[in-house]
2 protein chains.
Amino acid sequence: MPQTQGNQKAAAPSPHPRIVEPLCAVFRRKLKSEGLKYTPERAHVLDTIVRLDELFEADTIIERVKNSDIRVSKATVYRTIKLLQEAGIIQRVLCDEDQARYQLAYGASPQELIVRLDTREIITISSGELAAACANICAERGLVMDGYRVHIFATAPGSNV
Amino acid sequence: MPQTQGNQKAAAPSPHPRIVEPLCAVFRRKLKSEGLKYTPERAHVLDTIVRLDELFEADTIIERVKNSDIRVSKATVYRTIKLLQEAGIIQRVLCDEDQARYQLAYGASPQELIVRLDTREIITISSGELAAACANICAERGLVMDGYRVHIFATAPGSNV
DNA sequence: GTCGGTGCAAATGCTTTGCATTGAT
DNA sequence: ATCAATGCAAAGCATTTGCACCGAC
């Protein structure tokens with residue numbers, strides 16, 4: 001996980017701190033650095049993921065690329081998802097389900113989510129307070145923090161799940 | 001703002017706030033309330049879990065009860081684990097693995113963990129700071145927090161995972 | 001006798017892998 | 001020619017389920 005930049009922690013107001021470098025370029029760089037190739041199939045999987053712009057499951061991608069101009073097999077989708085994780089482009093989100101769900105990671109953004117138990121909606125947040133608390137906890141124990149993940153489960157007042 | 005509690009482990013009775021009511025009683029009550037029975041197999045699974053007193057996987061339990069006086073089948077272990085979750089006695093912990101891991105829940109204790117990436121060790125922590133941050137985040141959005149889960153991934157300084 | 005409980009084995013469902021084929025340099 | 005990528009089908013694996021038998025009330 002590259003943390004060496006810390007650049008746009010800026011007041012970028014949009015829900016997603018928008019992209020400095022196209023993700024496909026990031027992906028291409030990662031692949032090249034390992035002697036792998038940026039194939040049409042891999043590009044198409046990434047493109048499909050970016051278009052979704054939300055949490056997704058492997059299966060969703062598999063379905064989408066099944067009925068499209070560039071057909072990609074299930075196996076390749078899974079293999080590509082793994083590569084994208086390694087590249088830090090997507091990351092796995094852990095809710096309660098067994099099926100893996102992923103989201104775009106946009107570089108080094110940690111996982112801070114609110115899971116609405118009433119609406120099943122997932123809200124990504126970004127709180128310096130949480131980051132600081134986690135960093136603290138590690139520091140107190142002489143550990144180096146490599147990342148963290150916070151899931152907050154919440155409901156609207158008065159809703160009875 | 002320093003919480004009066006801080007990161008103490010000392011003043012509290014023990015790493016786990018100890019049990020007011022035996023867990024088996026809690027379990028029995030839950031079962032009875034649904035017209036189910038507190039069988040020797042179910043008791044033995046719960047007992048095995050309590051003895052572990054740490055994170056565990058279904059498989060660990062299956063192995064333990066396989067070579068014991070009261071043999072319990074794999075199916076029953078899984079079925080019992082589900083019941084124990086419903087009873088709020090154990091809860092699932094989400095790390096990166098696909099295999100489910102559980103821990104004793106002791107009522108409402110939230111999940112705060114440090115996952116050591118170098119040693120694969122899991123350290124449970126308790127930080128008022130985190131709880132406060134999470135509560136804040138919900139309050140800011142007019143939501144009611146039902147719980148939260150924090151996983152911090154960390155390594156010893158200098159270790160290269 | 002009626003229900004639920006258990007064990008076993010078979011079934012699931014997501015994900016991974018082996019292998020032959022194909023494509024790029 | 002080499003080396004990796006793809007698709008397909010088969011394999012894995014944790015977990016669930018169908019079913020026949022058993023035991024408590």
Side-chain angles (χ1 to χ4, degrees), chain A residues 24 27-49 55-87 90-102, chain B residues 24 27-49 55-87 90-102:
Chain A
C24 60
F27 194 27
R28 186 154 20 201
R29 188 147 35 78
K30 180 255 178 354
L31 291 171
K32 176 157 285 180
S33 80
E34 304 190 11
L36 305 177
K37 291 161 198 161
Y38 186 68
T39 65
E41 288 83 359
R42 287 171 180 169
H44 191 222
V45 169
L46 174 53
D47 186 62
T48 305
I49 288 171
L55 294 222
F56 63 90
E57 296 138 40
D59 204 54
T60 309
I61 307 302
I62 292 167
E63 283 312 308
R64 299 239 172 175
V65 297
K66 186 162 287 174
N67 324 310
S68 80
D69 39 336
I70 305 172
R71 296 188 71 264
V72 186
S73 73
K74 186 194 298 191
T76 297
V77 170
Y78 276 109
R79 287 189 273 236
T80 305
I81 284 178
K82 181 163 283 179
L83 290 168
L84 288 167
Q85 277 188 95
E86 289 169 21
I90 64 176
Q91 62 187 167
R92 190 166 171 180
V93 173
L94 297 175
C95 306
D96 267 310
E97 29 253 316
D98 323 281
Q99 200 176 166
R101 302 178 76 183
Y102 305 87
Chain B
C24 58
F27 194 28
R28 185 154 21 198
R29 188 148 34 77
K30 181 256 181 343
L31 291 171
K32 176 157 286 181
S33 80
E34 304 192 11
L36 305 177
K37 291 162 196 161
Y38 186 66
T39 65
E41 288 84 358
R42 288 173 180 168
H44 191 222
V45 169
L46 175 53
D47 186 63
T48 306
I49 287 172
L55 292 222
F56 62 91
E57 295 140 40
D59 204 55
T60 309
I61 307 301
I62 292 167
E63 283 311 308
R64 299 239 172 176
V65 298
K66 186 162 287 176
N67 324 312
S68 81
D69 37 337
I70 306 173
R71 298 188 69 265
V72 186
S73 72
K74 185 194 298 190
T76 296
V77 170
Y78 277 110
R79 288 188 274 235
T80 305
I81 284 178
K82 182 163 284 182
L83 289 169
L84 288 167
Q85 277 189 95
E86 290 170 20
I90 64 175
Q91 62 187 166
R92 190 166 172 180
V93 174
L94 297 175
C95 306
D96 266 311
E97 30 254 315
D98 320 283
Q99 199 175 166
R101 303 179 77 182
Y102 305 87

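Computed from a predicted model, the values in this text were never measured in an experiment. These values consider heavy atoms only, across backbone and side chains, with no hydrogens, waters or symmetry-generated copies. Letters A, B, ... are given to chains in the order of the sequence lines, protein chains preceding strands, and every chain is numbered from 1.
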Quiz item: What heavy-atom pair brings B:A58 and B:V77 nearest, and what distance separates the two atoms?
Solution: O-CG1, 4.3 Å

Exercise. Take the protein atom CZ of A:R101 and the nucleotide atom C1' of C:dC14, then report the distance between them rounded to whole Å.
Key: 15 Å

Practice problem: Give me the residues of residues 56-64 of chain B where at least one heavy atom lies under 4.0 Å from an atom of DNA chain C, by number, or none. | Solution: none

Quiz item: Under 4.0 Å between a side-chain N or O of A:Y78 and OP1 or OP2 of C:dT15?
Solution: yes

Quiz prompt | Gap between atoms OH and P, on B:Y38 and C:dT6 respectively (whole Å) | solution = 12 Å

Quiz prompt | Distance in angstrom units between B:L36 CG and D:dA24 P, rounded | solution = 17 Å

Quiz prompt | Inter-residue atom distance A:Q91.CD - A:Q85.CD, 0.5 Å rounding | solution = 9.0 Å

Quiz item: Nearest-Å distance, NZ (A:K32) to P (D:dA4)?
Solution: 16 Å

Practice problem: With rounding to the nearest 0.5 Å, note down the distance linking CZ in B:R64 to CD1 in B:I49. | Solution: 11.5 Å

Self-check item: Minimum heavy-atom distance between B:H44 and B:I70, given as atom pair plus value
Solution: ND1-O, 3.1 Å

Quiz item: For the atom pair OH (A:Y38) and CG (A:L46), what is the distance rounded to the nearest 0.5 Å?
Solution: 5.5 Å

Quiz item: When rounded to the nearest 0.5 angstrom, what distance separates CD in A:E63 from OG1 in A:T48?
Solution: 12.0 Å

Quiz item: Any Lys/Arg nitrogen of A:E34 or A:K30 sitting under 4.0 Å from an Asp/Glu carboxylate oxygen of the other?
Solution: yes

Quiz item: If you round to the nearest 0.5 Å, how far is CD of B:E41 from CZ of B:R71?
Solution: 11.0 Å

Self-check item: For atom CZ of B:R42 and atom C1' of D:dG23, their distance in whole Å
Solution: 13 Å

Self-check item: CZ on B:R79 to CG on B:L36, rounded to 0.5 Å
Solution: 12.5 Å

Practice problem: Output yes when at least one side-chain N/O atom of B:T39 is less than 4.0 Å from OP1 or OP2 of C:dT6, else no. | Solution: yes

Quiz item: Looking at B:I90, B:T60, B:L84, which one forms a side-chain contact (heavy atoms from CB on, under 4.5 Å) with B:Y102?
Solution: B:I90

Quiz item: Given atom CG of B:L31 and atom P of D:dA24, what is their separation to the nearest angstrom?
Solution: 17 Å

Practice problem: Specify the residues of residues 68-77 of chain A, ordered by number, for which at least one heavy atom lies under 4.0 angstrom from an atom of DNA chain D. | Solution: A:R71, A:V72, A:S73, A:A75, A:T76

Produce the list of close N/O pairs, under 3.5 Å, pairing protein atoms with atoms of nucleotides 19-25 of chain C; give distances to one decimal.
none

Exercise. Provide, to the nearest angstrom, the distance between the CD atom belonging to A:Q99 and the C1' atom belonging to C:dG13.
Key: 9 Å

Quiz item: NA contact type, B:K82, heavy-atom cut-off 4.0 Å: base, sugar-phosphate, or nothing?
Solution: sugar-phosphate

Self-check item: Distance in angstrom units between B:E41 CD and C:dG7 C1', rounded
Solution: 10 Å

Exercise. Kindly determine whether A:K74 and A:Y78 satisfy side-chain contact (heavy atoms from CB on, under 4.5 Å), including the steps that lead there.
Key: CA-CA 6 Å; A:K74 186 194 298 191; A:Y78 276 109; 3.8 Å; yes

